[in-house]
Every structure is written in C-alpha cells, then in structure tokens.
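Everything below concerns the one structure shown next.
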There are 4 protein chains.
Amino acid sequence: MTAQPRAHLRADARRNRAQIITTATRAFVDNGPDVPLEEIARLAGVGIGTLYRNFPDREALILAVVQTSMGVMLTKAREARAEHEHAWDALARTLSTSRELSLTLRVQRLFSPATVAALSADPTIRQIRNELIKVIDDLVQAAQREGSMRPDVDTGDVTHLFSLLMLPSTHRTPSEIAEMSYDRAREIIFDGLRARPGTPLPGRPLSATDIYPD
Amino acid sequence: MTAQPRAHLRADARRNRAQIITTATRAFVDNGPDVPLEEIARLAGVGIGTLYRNFPDREALILAVVQTSMGVMLTKAREARAEHEHAWDALARTLSTSRELSLTLRVQRLFSPATVAALSADPTIRQIRNELIKVIDDLVQAAQREGSMRPDVDTGDVTHLFSLLMLPSTHRTPSEIAEMSYDRAREIIFDGLRARPGTPLPGRPLSATDIYPD
Amino acid sequence: MTAQPRAHLRADARRNRAQIITTATRAFVDNGPDVPLEEIARLAGVGIGTLYRNFPDREALILAVVQTSMGVMLTKAREARAEHEHAWDALARTLSTSRELSLTLRVQRLFSPATVAALSADPTIRQIRNELIKVIDDLVQAAQREGSMRPDVDTGDVTHLFSLLMLPSTHRTPSEIAEMSYDRAREIIFDGLRARPGTPLPGRPLSATDIYPD
Amino acid sequence: MTAQPRAHLRADARRNRAQIITTATRAFVDNGPDVPLEEIARLAGVGIGTLYRNFPDREALILAVVQTSMGVMLTKAREARAEHEHAWDALARTLSTSRELSLTLRVQRLFSPATVAALSADPTIRQIRNELIKVIDDLVQAAQREGSMRPDVDTGDVTHLFSLLMLPSTHRTPSEIAEMSYDRAREIIFDGLRARPGTPLPGRPLSATDIYPD
DNA sequence: TATGAATGAGCATTCATTCAT
DNA sequence: GATGAATGAATGCTCATTCAT
C-alpha cells in the first residue's frame with residue numbers, strides 16, 4: 001500500500017526509495033515539517049541528489065510519506081475489520097497501534113494548512129482517504145446496529161476523534177508514559193462513544209461528508 | 001496576564017507590543033509556525049525594526065505569544081472555578097471556549113518539538129503552566145470527590161485529553177462545522193471521563209508530574 | 001530612462017539600485033547570461049540580500065538591465081534625430097556609439113530565446129521598443145525621401161542590421177581593434193544601405209511589423 | 001570533416017557519436033548553451049553514460065560540436081571557391097546557406113566568452129580556423145584583384161561581417177521572414193563591400209591577424 | 001523611537017560527473 | 001559497451017537579524 005513505486009526500478013534503487021520514506025517519516029515527526037531535506041538524506045544514508053532523483057521536490061516527498069502513512073492506516077483498518085467479529089472491537093483495534101505504527105500515523109498532523117490542501121488534491125491520497133472513510137463508515141454503522149456505539153454520533157465524529165488521537169505528543173515525556181497516555185486517552189474516548197445513557201450532544205451527528213466535503 | 005510587559009512603557013509603545021502579539025497569534029494559527037516576521041510586522045502595521053525592538057528575536061516573540069495564550073487559559077480556568085459550584089461544570093466550562101479564545105489556545109499546538117522544548121525552559125511559562133496544572137488538579141480531585149468524574153484517572157490524563165482538543169482543525173471545513181465538531185468531541189470526551197460503569201483503563205492513573213516531569 | 005526606480009527611495013538605496021544595474025550590465029556582457037547573482041552583488045559591492053531586495057529574482061534584474069539599455073538607445077536615437085538636419089546622419093549617429101554605450105547595447109543580444117520571450121511580454125519593454133521603432137521608422141522614411149537611403153528596404157531591414165551590429169565581439173581582440181572593427185562594419189553596412197545602383201535584394205522590403213509581429 | 005572520430009570505432013558506436021553531435025548542435029541552438037547534458041542524451045536516444053563515454057565532459061562535447069560546425073563551414077568555403085570562377089561569387093555563395101547549414105553556423109555564436117576562449121585554445125579548432133581564414137583571405141584578395149570588392153577592406157573586416165551574419169535570430173519571427181531577413185541583410189552587406197565610390201572607412205583595413213591575433 | 005535597507009547564513013534545487021549493474 | 005542511479009558542488013532564493021537614517 002506504499003506510494004506508487006515505479007514498477008521497474010533497480011533493486012538497490014527501490015531499497016533507497018523505501019529507506020528515504022521511512023527516514024523522512026521519522027524526521028518529520030521528530031523535527032517538524034521543515035527538516036532540511038539534506039538532513040533527511042543524511043539520516044537515510046544517501047546523497048541529496050538521490051533523494052531528489054526519487055522525489056523531485058519537497059512536496060513530492062511529503063506526498064509519498066503521507067500516502068504511505070495513510071496506506072498503512074487503511075491496511076490496519078481492513079485487517080481489524082477482517083479479524084474481529086464485533087465492529088466495536090475492530091474500531092478499537094484500528095487505533096491500538098504499536099509505537100512504530102503510531103509514528104506513521106502521527107505524520108498526518110504535522111503539515112501546514114496549505115500543504116494539507118495540496119495533499120488533498122492528490123488522487124492517490126483522495127482514493128486512500130475515501131476507502132478509509134468507507135471502512136470506518138461500515139464499522140460505525142455496524143457498531144451502532146450491534147448496539148455498542150451510541151446512536152447520536154456519525155462517522156465524521158468518529159474520524160475527528162481518531163484524528164485527535166494521532167497528535168504527536170508535544171511534551172518530551174518518556175516513551176513508556178507517552179504510550180500509556182495514548183492508550184488511556186483512546187480508551188476514555190471509546191468510553192465516551194459507548195452506547196449508554198449519557199449527555200445529549202450539541203448539534204447533529206456529523207457525517208464523513210461534513211468533515212471532508214471534497 | 002500578558003507576558004511581562006516592561007513596567008514603564010509609553011502608551012503607544014505598549015499598544016504596539018500588544019498589537020504585535022495579537023497579530024502574531026493569528027498569523028501563526030493561520031499560516032503556520034514559519035510566518036516571516038516581516039509579514040507579522042506588516043500585518044500589525046509596524047516596521048520590522050519596531051517588532052525587533054519589542055522582541056529581540058523570533059523566539060522571544062513566540063515566547064510572548066505562548067505566554068499570553070497560556071495566561072488566557074489560566075485566567076479562564078480560574079474564572080470557571082470561581083463561578084461554578086460543581087468542579088465538573090468548571091472543567092467543562094474551561095474548555096467551552098469562544099472561537100476567539102480557541103484561536104489563542106490552538107497556538108500551543110503549532111510549534112516544533114525543539115521550539116516547545118525551548119519554551120518549556122522559560123520560567124514564566126513554567127510558572128503559568130504549574131499554576132494551571134494546580135487549578136486543574138484541584139478541579140479533578142474535587143470532581144472525583146463529588147462523584148462526577150471517574151476515579152481511575154488523574155490530572156495527567158485530563159490535561160492530555162485537553163491538549164488533544166486544542167488541535168487546529170486541519171481540513172478546511174466550514175467554520176460552523178469545525179465549531180460543531182469541536183463541541184461534540186469535547187462532550188464525547190467528557191462523557192468518557194464521567195463516573196459510571198465503564199471499561200477499566202490500561203496502565204495506571206497518570207498524574208500531572210507523569211506528563212510534565214520537569 | 002531607467003527602469004522605473006520606485007519613486008521614494010532613500011538616497012543610498014537609489015544609488016545601490018543604479019550601481020547594481022550598471023554592474024550587472026557589464027557582468028552579463030563579460031561573462032554571459034549566467035553570471036552568478038552573487039558575483040554581480042560582489043562586484044557591485046553589496047550583499048546578495050540587497051540585490052534581491054531590489055530585484056526579486058534573476059529575471060527582474062535582467063528586465064531592469066534591458067529596460068535601461070533600451071532606454072539609453074531610445075534616448076540616443078531621439079537626440080540624434082533632434083540634432084541632425086539629415087535623417088541619414090541621425091541614423092548613423094544613433095549607432096556611432098562610445099565603448100561605454102556599446103556595452104549597454106550589446107546586452108540585448110545575450111539572452112536565451114526563452115528569456116527574450118519573457119522580456120518581450122514586459123509592458124515597459126514593449127513601450128520602449130515601440131517608441132524606438134517609431135523613431136527609426138521616421139528616420140528611415142525621411143532618409144528615403146531625402147534620397148540618401150535605398151528605396152528597396154524598410155524599417156525591419158534596418159533594425160535587423162542594427163541588431164547585428166550590437167553583437168558582443170566574441171574574440172578577445174584588443175579594445176582598440178574591436179572598436180575599429182565595429183566602426184568599419186557600421187560604415188560598410190551603411191554603404192550597403194545607401195541609395196545608388198546596386199544589386200536587387202531578394203524578397204520584399206521588411207517592415208518593423210514583419211520583424212516584431214507582437 | 002567531423003572532429004577526430006577515433007579511428008577504429010564499432011559502426012554503432014560511430015553512429016552514436018555522430019548522432020550525439022547532431023542532436024547537441026540542434027539542442028544548443030534551440031535551448032541555449034546550458035542545455036543539460038542529460039537532455040541531449042535523451043534527445044539523442046542514448047543514456048547519459050554513453051554520452052560521457054564519447055565525450056569525457058561538457059567541454060569536450062561543445063568542442064566536437066564547434067569543430068564539426070567549423071569544419072562544415074570550411075568545406076562550404078572550399079567548395080564555393082572551387083565551383084565559382086569569380087571570387088566575389090564564391091564569397092557570396094559561402095554565406096548563402098541552407099537553413100540546415102545555418103543551424104550549424106549559428107552554434108558558434110552561442111557560448112560565453114570564457115568558453116570561446118577555451119575553444120580557441122584547441123589545436124583542431126585553431127587549424128580549421130586558420131584554414132578557413134586562408135581560404136577567405138584568398139577570396140578577398142582575388143575579389144579585390146578582380147575589382148569587385150572595395151580595396152579599403154581586408155580579410156579581418158570581411159570575417160567580422162560574416163560573423164555578424166551568423167547571429168541566431170532572437171525574435172520569434174516566422175521562419176520564412178527570418179530567412180528572408182537573413183538573405184537581405186547578407187545582400188546589403190555585400191553591397192557595402194562592393195567596389196564603387198563610397199564613403200571612406202574609418203581606421204585602416206583590418207587583416208585576419210588583427211582580429212585573430214593568436 | 002520608528003523605519004526599512006543591508007547583510008549573510010541556510011536551505012532547496014539542479015546538473016555535471018562517476019560508477020555499479 | 002550501454003545504462004541509469006548516486007553523488008555532491010554550485011547557485012538561486014528566503015528570511016532572521018542588524019544598523020544607518
């Protein structure tokens with residue numbers, strides 16, 4: 001589910017490409033969206049020219065990173081749906097992510113509105129996003145039919161909450177604490193989504209189209 | 001509660017200073033953390049020289065912006081505590097913020113890890129943060145005594161969730177929707193924090209010191 | 001007739017601007033169209049930032065250089081027309097140029113087709129060029145009425161020949177020789193333009209519009 | 001008359017080499033002296049590595065292009081001398097060139113002073129140039145003996161004028177017009193060189209050695 | 001004190017050249 | 001020999017910061 005690696009690439013070149021994406025993902029999360037590309041190249045162990053041969057400019061690299069990251073998320077969601085009998089469990093599983101994976105997911109919160117707008121125009125991104133929304137939409141509806149999710153929310157509410165969870169943790173807390181606080185926040189939020197007598201929510205259920213009007 | 005405005009400043013100079021901070025706050029939120037200082041100066045209607053006279057470098061300006069923003073938050077929390085009989089309501093009120101205010105709060109999520117680390121070293125920031133934590137700590141304990149908040153969380157869990165809510169909304173959704181999704185997410189999260197039979201949380205209650213080990 | 005120096009500029013800034021244009025002109029002629037802008041800045045005795053403050057990119061600098069150069073040429077042609085009774089003499093005088101001036105004129109032959117196309121879109125350039133063509137057109141017609149210029153040519157032929165003369169001399173000949181060969185070539189070409197029994201020319205007289213179809 | 005094609009080269013390799021030179025000539029004329037070598041390789045249908053195997057660096061390629069171009073010119077001049085009874089006609093014929101040929105000739109006007117200086121140091125270039133000068137020198141002297149060329153010019157004047165004619169046409173005029181203006185300019189210049197009462201020229205006749213002092 | 005011009009360090013990007021396949 | 005991937009030096013350009021007016 002990676003970003004369209006041009007089909008016939010020499011083996012070493014393909015390795016380089018993957019290596020650059022991995023390194024860039026970590027670098028963006030660690031140092032913010034403005035890491036010098038030269039630093040990414042250096043961390044990836046390639047020359048700056050190699051980075052540019054694979055990604056003609058900074059935006060192309062960001063695009064590949066985000067495509068990969070969203071692809072991973074989509075895969076994760078589909079696996080979760082396939083492996084769990086109850087939709088509720090599948091949703092929870094989609095976000096119960098390893099540290100490794102969370103790195104990939106958090107990348108999506110890093111970029112400026114302008115960059116995000118540019119990314120949203122990319123056909124691959126749009127397609128992955130739409131498929132992801134479809135999966136989550138399925139799960140949300142199923143969970144509500146199962147009676148496990150409160151009926152006064154819709155997919156837009158759920159994706160919004162999911163996207164909040166993907167926040168990079170700002171404070172340099174030790175990683176054990178960071179992971180624990182992520183896990184606990186996720187469970188608290190899921191408790192908030194659970195079907196049971198609760199506060200009526202303001203406004204109206206937000207659909208996926210409310211949040212991503214395209 | 002602004003950032004240490006040097007005591008005796010000519011009225012117009014003080015106005016300049018405040019104007020720059022306000023403009024910078026909006027510029028950071030709108031255009032990301034890398035807005036050129038010259039653009040901020042231009043938007044504030046002053047020369048770049050004037051900006052630099054007030055804030056010796058970029059970090060100083062960011063510092064002032066964040067100090068102001070956190071100061072507003074602290075004031076808000078104290079007001080909420082003073083005006084509400086029940087701690088639970090005070091907590092909810094602290095986050096039920098006007099659009100205007102949310103601008104101020106979201107600024108805190110904008111900067112790179114390195115910048116945030118630098119900010120965390122500033123004594124004024126630390127003091128405001130500690131006082132804010134103290135207020136929230138009070139409210140959390142009171143709410144738990146009142147029986148409205150689940151007993152298996154601690155202040156660190158709560159501040160973490162609060163900080164998630166301060167996310168700038170990434171998707172260029174119409175502001176009415178953005179506001180609604182913020183309000184709904186906040187309520188869902190509060191429902192998750194409510195005291196009632198729910199899922200046991202993983203790990204252990206996180207205290208403020210777990211999250212901000214200082 | 002320089003390139004629109006923004007009206008109110010501090011005296012030193014205006015000096016800088018002029019100095020950069022002069023230096024750039026010489027640098028383009030001496031080192032070709034790709035001189036590093038940093039070298040121009042260095043030769044002009046300013047920082048690279050100053051150059052960029054005055055000319056936002058390389059194209060803007062080239063534009064100013066060419067505008068200035070064409071403005072000088074236009075001024076020269078008008079002076080020649082005003083000071084000479086016979087149109088023929090005015091035409092000759094327009095091209096009998098000091099070394100200093102020839103530097104300015106030769107700049108026009110330096111740039112790539114793409115750059116020239118971009119320059120041709122500039123309103124100031126177009127206006128200067130049109131006025132220059134008008135002056136030469138006047139002189140050509142007057143010279144033909146006077147009987148000094150052969151009747152089977154038109155303004156386009158003349159401007160084409162003029163533009164040939166503006167060629168930078170390729171071979172590093174001593175400047176005395178270079179100047180002499182320029183003067184002699186000019187006179188030979190003018191002899192070819194003189195009205196007297198000569199070879200019939202192929203094709204048809206070329207008007208200014210043939211050469212600059214806009 | 002190509003540039004020293006190493007004697008024993010496999011047929012396909014020789015074809016490659018010729019193909020690259022042809023392509024490079026057109027690319028230089030069309031896109032200016034800075035066309036990336038990779039683009040030339042692409043246009044020639046070979047890999048960049050093959051280009052480099054044939055021409056160890058950019059200068060070597062330019063050298064080969066110019067050698068070829070000057071060789072063509074020399075051949076042309078010799079043919080003209082052989083085929084015309086009158087020297088005057090031979091000179092005229094040397095420059096009455098097909099569009100195809102003019103491409104080859106114009107290449108000589110493209111490169112920066114520094115590059116030209118480097119080219120001038122190449123023994124093959126020098127030899128071709130000297131032979132070319134010798135042919136033109138012969139023709140000029142013969143034409144003057146024949147009484148068709150004015151006696152107050154020398155070979156240096158003539159080569160200078162010839163070199164002016166080799167200008168790439170800057171303005172994107174339709175090729176029919178460009179060709180016509182070239183032909184007409186050539187005839188006007190030849191009229192200026194014709195022996196008949198005319199203006200006395202400034203300075204003194206310029207010999208080939210004046211212009212190419214070597 | 002306010003202004004905005006000057007400076008130059010830093011990063012993005014391109015492309016000549018080398019070298020593994 | 002041919003190919004095209006990798007390298008890194010060179011250059012364009014931006015912007016934080018300083019300083020003359």
Output, in order, the C-alpha distance, side-chain angles, deciding distance and verdict of side chain to side chain contact (heavy atoms under 4.5 Å, CB included) for C:V46 and C:Q19.
CA-CA 9 Å; C:V46 301; C:Q19 171 64 16; 5.6 Å; no

Whole angstrom is fine here: how far is it from CD in D:E38 over to P in E:dT14?
12 Å

May I have the distance from C:N54 (atom CG) to E:dT7 (atom P), rounded to whole angstrom?
11 Å

Both A:G45 and B:L37 contact DNA chain F. Which one's nearest nucleotide lies toward the 5' end?
A:G45

Ranking E:dA6, F:dG1, F:dC13 by distance to the side chain of C:D57, first place goes to F:dC13

Apply side chain to side chain contact (heavy atoms under 4.5 Å, CB included) to residues D:F28 and D:I40 and explain how you reach the verdict.
CA-CA 9 Å; D:F28 283 132; D:I40 294 178; 4.1 Å; yes

Among F:dA2, E:dA5, E:dT7, the one nearest C:T50 by side-chain distance:
E:dT7

Using atom CZ of B:R42 as one end and atom P of E:dT3 as the other, report the distance to the nearest whole Å.
15 Å

Quickly work out the A:F55 CZ to E:dT14 P distance and round it to whole Å.
15 Å

Side chain D:S69, main chain D:V65, donor-acceptor under 3.5 Å
no

Rounded interatomic separation in angstrom, taking CG from A:L61 and C1' from E:dA12
13 Å

Counting neighbours of CD on C:E59 that are heavy atoms of other residues, nucleotides or ligands and sit closer than 6.0 Å, is the number greater than 12?
no

Across the strands shown, which category fits A:I48 at heavy-atom distances under 4.0 angstrom: base, sugar-phosphate, nothing?
base

Of all the nucleotides listed (F:dA2, F:dT18, E:dT13), which has the minimum atom distance to the side chain of B:Y52?
F:dT18

Value in whole Å for how far the C1' atom of E:dC15 lies from CD1 of D:I62
14 Å

Find which nucleotide of DNA chain E each of D:E59 and A:P56 is nearest to by heavy atoms, and output the residue with the more 5' nucleotide.
A:P56

Between CG of C:L51 and P of E:dA5 the distance, given in whole Å, is 15 Å

Between F:dA6 (C1') and A:R17 (CZ): distance, integer Å:
16 Å

Do you know which of A:L37, A:T115, A:L63 makes side chain to side chain contact (heavy atoms under 4.5 Å, CB included) with A:R58?
A:L37

Counting only side-chain N and O atoms of C:N16, is one of them less than 4.0 Å from OP1 or OP2 of E:dA5?
no

Given pairs defined as Watson-Crick or G-U wobble with both distances under 3.5 Å, what dot-bracket annotation applies to DNA chain E, with ( ) intrastrand, [ ] crossing, | other strand and . unpaired?
.||||||||||||||||||||

Out of F:dG4, E:dT17, E:dA6, which nucleotide sits closest to the side chain of A:R53?
F:dG4

Of the candidates F:dT11, F:dT3, F:dT17, the side chain of C:P36 sits closest to F:dT11

Roughly how far, to the nearest 0.5 Å, is CG of A:L51 from CG of A:L43?
11.0 Å

Value for CG (C:L110) from CG (C:D34), rounded to nearest 0.5 Å, stands at 10.0 Å

